[in-house]
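Contents: one structure, followed by commentary.
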Amino acid sequence: MTKKKDLHIIVTIKQVPDTHEVRIDPKTNSLIREGVPSIVNPEDLNAVEAALQLREKHGGSITIITMGPPQAEDALAEALAMGADRAVLLTDRAFAGADTLVTAFTLSRVIRKLDAFQLIICGRQAIDGDTAQVGPQLAGFLNIPQVTYATKLARKDSILTAERSLEDTMETVQVKLPALVTVTGDINQPRNMSLYNIIDACSGSRITRWQAKDLDVPHDMLGLSSLRIAHLGEKNLHARAAEKGDDYPRQ
Amino acid sequence: MDFELTKQQKLARHLSRDFAQQEREPRAQELDATMEFPREALKKMAGLGFMGISIPKEYGGAGLDTVSYTLIIEELARACASTAIIVAVHNSVCAYPIHLLGTEEQKQKYLIPLARGQKLGAFALTEPNAGSDPASMETTAELQGKHYILNGTKIFITSGSSADIVIVMASTDRARRGRGITSFIVEKGLKGFSVGKKEDKLGIRGSDTCELIFENCAVPVENVLGSPGEGLTSAFTTLDTGRIGVGAQALGVAQAALDESVRYSKERKQFGKPLANFQAIQWMIADMATEIAAARFLVHRAAWLKDQGRPFSTEGSMAKLYASEVAMRAALKAVQIHGGYGCMKDYKVERFLRDAKVIEIAHLCAIFSGFAKF
């Protein structure tokens with residue numbers, strides 16, 4: 001039974017190439033991605049751990065979301081084996097090639113389809129792109145407050161208190177839920193997966209798979225197809241959204 | 001034909017590799033030096049399901065298949081062979097036979113705490129005059145009313161002093177030799193059951209190996225595991241499974257020897273270039289890698305046969321025999337590649353060689369029993 005004090009948390013994660021294993025092609029100076037193992041982005045594991053700790057304290061549930069090729073399901077299985085309750089895999093050719101803005105927009109549309117949440121936790125940034133943009137952009141699209149670079153989280157009723165690690169200073173802020181936080185690798189030590197969770201994590205029953213058609217968003221606002229617009233400038237994306245009567249929000 | 005691991009198996013390998021490399025590998029050298037039993041680590045592993053890998057969930061286990069079991073044991077052994085052996089013995093020759101042969105009451109009382117890791121398990125068959133030839137066992141169990149009275153001495157018992165629950169083989173009818181042996185579930189603390197000499201071993205030093213002494217030890221009749229007189233038959237079934245686990249331990253040590261050899265031969269420079277550039281070293285590494293791959297197929301095939309419910313005794317014996325000899329050869333080559341440094345305790349390969357030799361000798365009796373079927 002859902003209690004009022006329960007905390008429903010969404011964690012967004014990304015499957016990335018293990019940069020320890022990436023080699024450079026001496027001829028082209030580009031990354032050799034073939035045969036490079038994929039891992040869950042390290043700070044996203046910190047995000048999962050932060051969610052697990054909050055759930056242990058306050059009850060509630062954890063939903064993991066990732067967008068990627070079908071094998072990104074492995075990343076979800078890992079988060080489920082750590083103890084998350086359920087997961088959503090967004091996989092479709094139409095999503096391919098999305099930059100951070102389009103990714104955040106797509107994630108925001110998924111989150112609107114899910115049950116009400118109080119908190120979204122993201123890793124600070126992914127080791128393959130290092131942009132640290134998706135979390136803040138997602139908060140923008142959902143029109144909720146955001147706290148970035150968190151190294152400590154505590155929740156009391158509808159208030160979340162977070163310590164933020166800035167370049168040369170620490171800052172403590174309070175934010176009213178629902179909100180989005182991004183966490184750094186310093187916030188915790190992600191727990192090990194448990195063998196007890198493996199069967200459930202791999203059974204597929206905890207994972208919902210959605211394609212572009214499930215999201216009720218015009219295809220040309222997803223993936224690479226929207227980038228032809230995006231690279232002209234964010235203004236055009238908004239203008240185009242307005243034209244379509246869609247609510248592509250300003251950040 | 002399919003050589004691909006399932007999602008579950010891959011995740012089990014990933015999980016145990018992460019855990020073993022983070023938590024066990026950094027402590028392996030210390031464990032070897034101090035012979036200190038890794039009690040704290042086992043507590044943590046219990047919470048993660050390592051103590052009931054193939055035991056069904058309703059009895060407190062993780063419910064995984066035998067192939068996953070071999071992957072997990074291999075990854076543990078790759079980091080710390082002592083940890084792997086404690087876990088393998090507990091799972092395969094203590095928890096598993098209770099799952100296989102135990103009454104519902106025995107499962108509730110013993111299997112659940114074993115699978116949850118609240119209790120540690122051991123298995124006692126070997127005696128000073130009956131190791132590879134278990135039918136000439138001298139430990140006796142005499143029925144007196146509602147108890148069997150056990151007398152005798154077991155030796156070389158893995159986790160002997162640390163275990164809470166031991167499966168003990170004793171002769172209930174010496175005239176019938178192999179057909180007169182019965183298994184008992186014996187709890188630590190029972191009057192007349194004591195731990196004797198703790199061995200100081202060549203390798204696998206973090207796992208304690210002890211003598212167990214039974215002096216008029218009264219074991220309740222309800223603690224007979226399986227049917228009286230069928231102890232040896234059940235022991236052979238159990239050891240068949242155990243042997244797959246020993247093969248997996250051997251694989252782990254062999255893989256660790258290969259890992260260290262590759263790392264060292266890339267780092268170490270002689271005559272102005274890394275060792276890895278010399279063909280003599282490349283040949284050794286190629287042989288190691290090839291043999292390990294072959295051993296892994298044997299181990300996985302035996303585990304797969306068991307998961308299919310098909311006979312696997314011969315295949316399990318082959319897997320154990322070959323994998324443990326591969327581990328020995330790989331460890332020898334690894335020491336060779338490291339040269340003088342390979343003889344020093346500061347280098348892991350010195351430990352691998354000692355661990356590999358113990359694994360090669362362990363479960364020897366089972367090899368005879370397995371191959372006796374040819």
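Here the structure is a predicted model, which is why all the values come from computation and not from measurement. So that the names make sense, note that chain A is the first sequence line, chain B the second, and so on, each numbered from 1.
With hydrogens and angles ignored, the 3.5 Å screen pairs no side-chain donor or acceptor of Y196(A) with any backbone N or O of G63(B).
Nearest heavy-atom pair across I198(A) and Q8(B) is CG2-O, 3.9 Å. The two atoms that bring S194(A) and G47(B) nearest to each other are OG-O, 4.0 Å, heavy atoms only. When all heavy atoms are compared, the tightest approach of L48(B) to M193(A) is CD2-O, 3.5 Å.
By the neighbour-count criterion of 12 heavy atoms within 6.0 Å, atom NZ of K113(A) is densely surrounded, having more than that number from other residues, nucleotides or ligands. Annotation: Q282(B), atom CD; neighbour count of heavy atoms from other residues, nucleotides and ligands within 6.0 Å is above 12. Dense packing is recorded around CZ of R296(B), with more than 12 heavy atoms of other residues, nucleotides or ligands lying under 6.0 Å away.
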Problem - Verdict with reasoning, Q22(B) to N192(A), per side-chain contact (heavy atoms from CB on, under 4.5 Å) - result: CA-CA 10 Å; Q22(B) 285 162 18; N192(A) 292 105; 3.3 Å; yes
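Using a 4.5 Å cut-off between heavy atoms, A81(A) touches chain B through its side chain atoms alone. For K57(B), the part lying under 4.5 angstrom from a heavy atom of chain A is the side chain only.
Taking CE of M45(B) as the start and CG of L195(A) as the end, the distance is 8.5 Å to the nearest 0.5 Å. Interatomic distance, OG of S68(B) versus CD1 of I199(A), reported as 8.5 Å (0.5 Å rounding).
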